[in-house]
Asks: 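Can you read through this structure? Questions will come right after.
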Number of protein chains: 2
Amino acid sequence: MAGEVNIKRLAQELNISIATVSKALNDSYEISLKTKNRVLSLAKELNYTPNPAASNLRSNKTKTIAVIVPNVANNFFSLAIKGIEEIARKYGHHVLIYQTHEDAEMEKSFTNSLLNGRVDGILTSVSSNEYNSDYYRDLVKKVPLVFFDRVYESLDAFKITTDDYQISFTATEHFIDCGCKSIAFLYGLGKLPAGRARLSGYQDALEAHGIEFRDELVLDYSEDEEVNFSNIKTLFKEYKPDALFSSIEEFIIPAYMACAELKFRIPEDVKILSFSNMSSAKLLNPSLTTITQPAFEIGNEAAKCLFKILNKRGVDDDKDIVLKSVLIKRASTGC
Amino acid sequence: MAGEVNIKRLAQELNISIATVSKALNDSYEISLKTKNRVLSLAKELNYTPNPAASNLRSNKTKTIAVIVPNVANNFFSLAIKGIEEIARKYGHHVLIYQTHEDAEMEKSFTNSLLNGRVDGILTSVSSNEYNSDYYRDLVKKVPLVFFDRVYESLDAFKITTDDYQISFTATEHFIDCGCKSIAFLYGLGKLPAGRARLSGYQDALEAHGIEFRDELVLDYSEDEEVNFSNIKTLFKEYKPDALFSSIEEFIIPAYMACAELKFRIPEDVKILSFSNMSSAKLLNPSLTTITQPAFEIGNEAAKCLFKILNKRGVDDDKDIVLKSVLIKRASTGC
DNA sequence: CTGTTAGCGCCTTCAA
DNA sequence: TTGAAGGCGCTAACAG
């Protein structure tokens with residue numbers, strides 16, 4: 001369509017062979033400086049760019065990586081993608097993005113469509129609705145792949161994650177230090193290690209401080225915002241927790257709405273803390289303490305890891321990289 | 001790496017020719033049903049998938065489109081991408097995503113890297129920092145391209161936009177109806193039609209209601225959040241506006257912070273209205289009236305438009321599609 | 001230093 | 001109904 005200009009054409013115009021042109025373009029040591037310059041300047045003049053399909057076919061490299069995420073309309077993932085892109089660009093690679101919408105079937109179908117050499121490698125954050133461990137066990141043998149954030153822990157594969165357990169423990173302790181006695185836990189991603197680690201951190205912190213863990217203070221996430229809203233109201237009415245620890249961002253809004261409806265002031269009547277990368281919400285709500293994951297850095301590390309694999313360097317490194325999340329306490333509330 | 005299984009292999013195993021296999025796979029009428037079935041079942045058994053690089057090279061089609069946006073970590077664009085992906089998947093296409101970070105040079109460099117047939121078409125939302133009209137005038141001749149949201153109006157090209165002028169007019173009227181006399185305008189995207197249309201809508205609404213337009217009530221956006229914060233405080237102190245109309249989401253936070261610092265209550269002391277696709281912020285802040293653009297639909301329409309072009313259908317349709325934004329008034333404030 | 005040649009995997013004439 | 005052959009644009013042996 002656009003191009004029309006290929007190495008054959010360059011070769012003809014310069015009266016040299018196709019191979020010479022190719023080598024000149026690839027800066028081969030076999031070619032004289034003079035020829036290189038002639039080729040390069042004509043290439044520039046004619047606006048030559050190599051046909052990627054042809055190079056791909058020949059070299060079995062696509063200069064393309066794929067990113068598979070549940071969703072891009074999400075603060076965490078969009079930042080992670082930014083981190084990935086930065087590295088990809090540095091390596092001159094293109095980035096294909098696929099959204100699974102938490103659908104494990106779609107996840108598999110996207111992934112399978114990438115196994116025929118469309119990409120050099122894959123970065124993936126698995127969907128939360130089904131445990132697909134067997135599938136990925138086979139997959140990692142077929143294609144360079146790095147998991148980030150949402151991983152299958154039992155898998156022998158490259159994984160970039162955060163310290164979900166540790167930061168949850170710390171956050172729960174923070175509440176306890178503030179004098180909270182009855183801390184409810186809003187539970188999400190229960191099928192994934194990340195979600196379960198957050199729960200464990202909470203449980204263990206309670207235990208460490210001699211506070212009894214009560215099952216009825218744990219609320220499971222529902223896809224339906226209305227249900228979450230009503231469940232939180234019920235939770236407030238029946239068990240009167242003095243704090244809410246939300247393990248996923250999606251609980252923040254129903255929690256706030258429930259407080260508003262019940263005329264609870266935050267943080268005077270009830271404290272709220274959430275995992276969240278919603279930067280603006282933090283600023284808008286000085287009463288909300290948040291755990292922020294280093295989303296950008298996770299993307300960055302994951303991509304770096306993938307390129308290490310692709311370049312066959314340092315693959316003997318530790319396969320598990322764990323980054324630190326940050327607990328941001330709201331100064332204005334003193335807690 | 002993964003594949004190894006190609007039509008040659010299929011042909012050998014079945015003792016037929018490569019050409020026959022190829023035709024069978026493409027469901028050619030020349031091939032007997034029996035042969036087709038043999039080929040297809042073996043293909044399935046061996047998990048055959050065609051090598052994309054080879055098909056691309058042969059057919060000059062990549063089954064890939066590119067999306068170029070300023071940023072994905074943004075409510076509007078991430079939703080738009082979702083809309084684009086939905087359509088792309090329907091057409092069996094893959095989606096490359098590039099972020100310009102509002103850098104016109106990067107925008108050009110990405111775009112240029114796509115002109116050699118790496119993609120079948122491009123969807124783009126231009127960056128705001130430089131007016132690149134000449135560049136795009138040439139570009140649209142070289143590659144199927146659809147602009148969405150951020151466009152160059154003077155260009156004869158496919159464009160999917162929203163009713164920025166109209167909705168700004170309506171929103172300003174809404175303020176006037178609420179009794180506001182001194183409405184400040186927080187101005188962004190001034191180099192782009194969308195931004196200027198928002199300003200015009202505001203100006204014309206004032207005029208239509210006999211309110212004088214005052215230049216000092218218009219505040220330009222700065223990249224520096226702190227500067228915006230301080231400018232808004234100054235604006236409040238010097239001109240005491242009773243309403244703020246923010247033409248971009250990025251002003252919301254400094255505006256809120258300024259109000260907090262000056263102990264202004266929203267909406268009693270000052271009303272705030274903003275263009276925003278920050279769904280959570282709306283719910284968290286019942287006092288904020290918002291203009292929400294149909295981001296998902298814009299992506300959807302843009303992608304549909306591109307595939308129409310690629311399939312050479314309906315190209316004579318109107319090149320300009322304008323979708324409607326929605327003004328969401330906060331019931332709780334009565335304004 | 002430069003050129004010739006043989007494919008990468010697929011599709012498409014054209015011939016059988 | 002099937003097969004043989006050529007070529008998409010590029011690269012990598014191998015010769016000269």
Side-chain angles (χ1 to χ4, degrees), chain A residues 1-40 42-43 46-64 92 113-120, chain B residues 1-40 42-43 46-64 92 113-120:
Chain A
M1 164 128 343
E4 307 310 344
V5 42
N6 50 28
I7 52 174
K8 194 165 151 193
R9 163 96 178 275
L10 296 181
Q12 281 169 347
E13 303 233 349
L14 293 170
N15 264 317
I16 55 180
S17 79
I18 289 177
T20 305
V21 174
S22 172
K23 286 176 194 161
L25 290 170
N26 291 308
D27 200 25
S28 159
Y29 66 94
E30 304 177 67
I31 304 296
S32 73
L33 194 61
K34 192 173 145 223
T35 310
K36 274 186 196 169
N37 286 337
R38 291 214 311 143
V39 172
L40 258 36
L42 182 65
L46 298 184
N47 238 314
Y48 166 82
T49 50
N51 178 315
S55 333
N56 295 352
L57 182 58
R58 199 53 242 254
S59 65
N60 257 318
K61 302 234 164 78
T62 60
K63 290 239 153 210
T64 304
S113 80
L114 298 172
L115 294 180
N116 51 19
R118 182 172 286 274
V119 298
D120 294 342
Chain B
M1 162 126 346
E4 306 311 344
V5 41
N6 50 26
I7 52 174
K8 193 165 151 195
R9 163 97 179 274
L10 296 181
Q12 281 169 349
E13 304 233 347
L14 293 170
N15 264 315
I16 55 180
S17 80
I18 291 176
T20 306
V21 173
S22 172
K23 287 176 192 167
L25 289 171
N26 290 311
D27 202 23
S28 159
Y29 66 95
E30 304 176 66
I31 304 295
S32 72
L33 194 62
K34 192 173 144 221
T35 308
K36 273 185 195 169
N37 285 338
R38 293 214 309 144
V39 172
L40 257 37
L42 182 65
L46 297 184
N47 239 316
Y48 167 80
T49 48
N51 178 314
S55 319
N56 295 352
L57 182 56
R58 220 25 258 261
S59 66
N60 261 318
K61 302 234 164 77
T62 60
K63 292 237 151 212
T64 304
S113 80
L114 298 172
L115 293 180
N116 51 17
R118 181 172 285 274
V119 297
D120 295 341

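Chain naming here is simple, since letters A, B, ... match the order of the sequence lines and numbering starts at 1 in each.
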Asks: Using side chain to side chain donor-acceptor pair (under 3.5 Å) as the criterion, list what pairs up with B/T64, not counting sequence neighbours.
Replies: A/R118
Asks: Suppose we screen for side chain to side chain donor-acceptor pair (under 3.5 Å). Which residues come up paired with A/Q12, at least two apart in sequence or across chains?
Replies: none
Asks: Only counting residues at least two apart or in another chain, list the ones meeting side chain to side chain contact (heavy atoms under 4.5 Å, CB included) with A/I18.
Replies: A/I7, A/K8, A/A11
Asks: Just jot down the side chain to side chain contact (heavy atoms under 4.5 Å, CB included) partners of B/T49, sequence neighbours excluded, or say none.
Replies: A/N116
Asks: Please name the pair of heavy atoms, one in A/G117 and one in B/P52, separated by the smallest distance, quoted to 0.1 Å.
Replies: C-CG, 4.5 Å
Asks: Tell me every residue that passes side chain to side chain contact (heavy atoms under 4.5 Å, CB included) with B/S59, counting only those two or more places apart in sequence or in another chain.
Replies: B/K61
Asks: Please report the distance, rounded to the nearest Å, between CG in A/N116 and C1' in C/dC8.
Replies: 15 Å
Asks: Which residues pass the side chain to side chain contact (heavy atoms under 4.5 Å, CB included) test with B/L14, sequence neighbours left out?
Replies: B/I16, B/R38, B/V39, B/L42
Asks: For a quick check, with a 4.0 angstrom heavy-atom cut-off, what is the B/S/- contact string for nucleotides 10-16 of chain C, read 5' to 3'?
Replies: BBBBB--
Asks: Mind jotting down which residue pairs meet the salt bridge (charged side-chain N to carboxylate O under 4.0 Å, His left out) criterion with at least one end in residues 16-26 of chain B? Sequence neighbours excluded, please.
Replies: B/K23-B/E30
Asks: In whole angstrom, what separates A/N37's CG from C/dT2's P?
Replies: 12 Å
Asks: Report the residues that fulfil side chain to side chain donor-acceptor pair (under 3.5 Å) with A/D27, sequence neighbours left out, ordered by chain and then residue number.
Replies: A/K36
Asks: May I ask you to verify if any side-chain N or O of A/T35 is less than 4.0 angstrom from the OP1 or OP2 atom of C/dC1?
Replies: no
Asks: Taking 5' to 3' order, which nucleotide of DNA chain D is first and which is last to have an atom within less than 4.0 Å of a heavy atom in chain B?
Replies: D/dT1 to D/dG9
Asks: Restricting to side chain to side chain donor-acceptor pair (under 3.5 Å), what partner residues turn up for B/D120, sequence neighbours left out?
Replies: B/T62, B/H93
Asks: Enter the inter-axis angle for the ends of the helix from C/dC1-D/dG16 to C/dA16-D/dT1 (five pairs per end, rounded to 10°).
Replies: 40°
